[in-house]
Amino acid sequence: MEVIKSGGMRKNKTDFIPVCIFIVVFGFLFLTGEPTYAGDTFQHENQMIMREPGYALLIQLLRFLSPQKYYWLLIAVQNLLAIVADTMVLSFMRRRFSLRFPESLLFTGILLMPHLMTPILSSAHLVLTNALMTEGILFSLYPLGFISLLKMIEAGKAIGRESFCTMGWFFLLSMIRGQMMVLFVVWFLVAYVLAVKNGIQETNKAAEKGNTFVLAENIGRQGLIAILTVFIIAFAARSVLIRGYNFLEQGLFVGTVSGKAMSFANVLYVTDREDGEAIKDDALRALFYEIYDNADAAQMNYKYAPSGLLNRAAHHEQCHDELNFTYFAEPTKQFLKQTQGLYVDRFQELMIAVDQIAGKLSTALMPEVLVRYLRNYISVIALGFVRTVSYESTLLTWYAVFIYLVAVVLTVKLFKSGKKSQAAPFMAVVLLTIIGNVCATALMVQCISRYMIYNLPLFYMAGFLELRELTKIKRERKENKCSIWGI
């Protein structure tokens, strides 16, 4: 690819081909598909307190524009967004990493992987851009947020325009889906590393390498306090905005409700009946026994899981939603009806109370089930790591283990090579984000594929770039050796 004097890349006649591929693929998905009403859709379109406001507000806007056809308008927006976002991501990759045309085509295919894998391999067989759920827009917006993170790393400043822009992206994503809050932590860690790195450089320039006090002062000057402040403000602002939204829509100044109920399903799954003795409140203990007995009769319990790490995770996955929505929620609603007079006509308040009951039961039971909970948690995150980069089967599980090891080894080698690697920081933050996403998601729900594969395209693009960089380094070293010997 030719480079013009200004440092940018010259427009090539082949540049439009990836864009055409995106248009053809998402145009085909839109024209041959239809809006897919999912379990989450009702909650979003009715602005319920169990969901973040971002997607619900988009639905409200489109329903205002077209009351009869807003579902079709929504999936049209989602497919158009996918075209625009993937084009922008590929354009950034081409500029940043000087991709040749075949490499651009490879990255085009990698960006399309989640949209092609999910209809074929997932149990729900969803076409993501035609589904009336947050994934319809998040799979397009997420890579754009990650690109902003790469720009922040490239700028090398813990606090600056790129840093604030990245937090802005992550804030937007978290307002669409709570799962994205893990990105706040990723931002904080990246910003902290940049502050420490720059602080060390400043200390070394001042010839104060061994002076701990000077080092600490220089790190502080790089914005350490500002990083922590931005991090706290982001969490607080998100909470206030969601509470304000719920107050305007439902008259209830509360945050997103349902998290405690979802996470309690994980606790309930690993309980034994005798664990109920730890519940001090007689009424709550009786409720627990009712919930437990019904769930146990349906074999919704860890005792009925088959052997094997991933098999245990798969059994937990089959049980989780039933435990939450049927075996826990329904008896608890009846309990609240009898004890607090909460009926379905006050549905939002009822769901708040259900979440509170889940929190009380979790607090009482967790000390009793902690070891079993951690054992199950390890199984769930193992499946989550596999699904992030692959598909669960015996062969592909070992492939996932191998590919993670390769990614770690390549990243370490590039950092130690003495060259200023662009791909190694890319992979490092991808791996950090994968760990955060898998571990945080497993605390709340099961690690199904559509929750996991946000980072799949980023992982494979970073891996390819690492292989390319390492190959280039080895070739340069070989050429240098040949020149030294006069060959």
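Nothing fancy with the numbering, it's 1 onward along the sequence. Everything numeric in this text was worked out from a predicted model, so none of it was measured.
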**Message:** Using side-chain contact (heavy atoms from CB on, under 4.5 Å), reason through L383 and E317 one step at a time and then give a plain yes or no.
**Reply:** CA-CA 10 Å; L383 183 56; E317 183 175 302; 3.8 Å; yes
**Request:** State which residues pass side chain to side chain contact (heavy atoms under 4.5 Å, CB included) with L31; sequence neighbours excluded, sorted by chain then number.
**Result:** none
Please indicate whether [X] has more than 12 foreign heavy atoms, meaning atoms of other residues, nucleotides or ligands, lying under 6.0 Å from its [atom1].
| X | atom1 | result |
| --- | --- | --- |
| M88 | CE | no |
| E274 | CD | yes |
| F42 | CZ | no |
| F28 | CZ | no |
| K303 | NZ | yes |

Any side-chain donor-acceptor pair under 3.5 Å between [X] and [Y]?
| X | Y | answer |
| --- | --- | --- |
| S91 | R95 | yes |
| Q179 | Y454 | no |
| Y302 | D272 | yes |
| Y142 | N455 | yes |

**Asked** E249: what forms a side chain to side chain donor-acceptor pair (under 3.5 Å) with it, not counting sequence neighbours?
**Response**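 Side chain to side chain donor-acceptor pair (under 3.5 Å) check on E249 returns Q60.
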**Prompt:** Listed by chain and number, what are the side chain to side chain donor-acceptor pair (under 3.5 Å) partners of R346, not counting sequence neighbours?
**Reply:**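 Testing R346 for side chain to side chain donor-acceptor pair (under 3.5 Å), a comparison that skips the adjacent residues, returns E349.
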**Asked** Between CG of D296 and OH of Y289, what distance do you get to the nearest 0.5 Å?
**Response** 13.5 Å
**Ion pair E330/K333, N-O distance below 4.0 Å** = yes
**Prompt:** Between E103 and R94, is the closest basic N to carboxylate O distance under 4.0 Å?
**Reply:** no
**Asked** Once the angle between the rings of Y192 and F188 is folded into 0 to 90°, is it parallel (under 30°), tilted (30 to 60°) or perpendicular (over 60°)?
**Response** parallel
Got a list of side-chain donor-acceptor pairs under 3.5 Å for residues 351-359, not counting sequence neighbours?
from: D355; atom 1: OD1; to: S258; atom 2: N; distance (Å): 3.4
from: D355; atom 1: OD1; to: K260; atom 2: N; distance (Å): 3.3
from: D355; atom 1: OD1; to: A261; atom 2: N; distance (Å): 2.9
from: D355; atom 1: OD2; to: S258; atom 2: N; distance (Å): 3.4

**Asked** Short question: side chain of H316, backbone of Y377 - any donor-acceptor pair under 3.5 Å?
**Response**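 Between the backbone of Y377 and the side chain of H316 there is no qualifying donor-acceptor contact (under 3.5 Å).
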**Fill in**
Contacts of R312 meeting salt bridge (charged side-chain N to carboxylate O under 4.0 Å, His left out) (sequence neighbours excluded), chain-then-number -> none
**Prompt:** Under the 6.0 Å and 45° cation-pi test, does R273 pair with Y292?
**Reply:**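 Negative - R273 is either too far from the ring of Y292 or too far off its axis.
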Would you give me the side-chain donor-acceptor pairs under 3.5 Å for residues 398-406, sequence neighbours excluded?
from: Y399; atom 1: OH; to: Y460; atom 2: OH; distance (Å): 2.8
from: Y404; atom 1: OH; to: F385; atom 2: O; distance (Å): 2.7

**Message:** If I compare all heavy atoms of F97 with all of A423, which pair ends up nearest, and what's the gap?
**Reply:** CE2-N, 4.3 Å
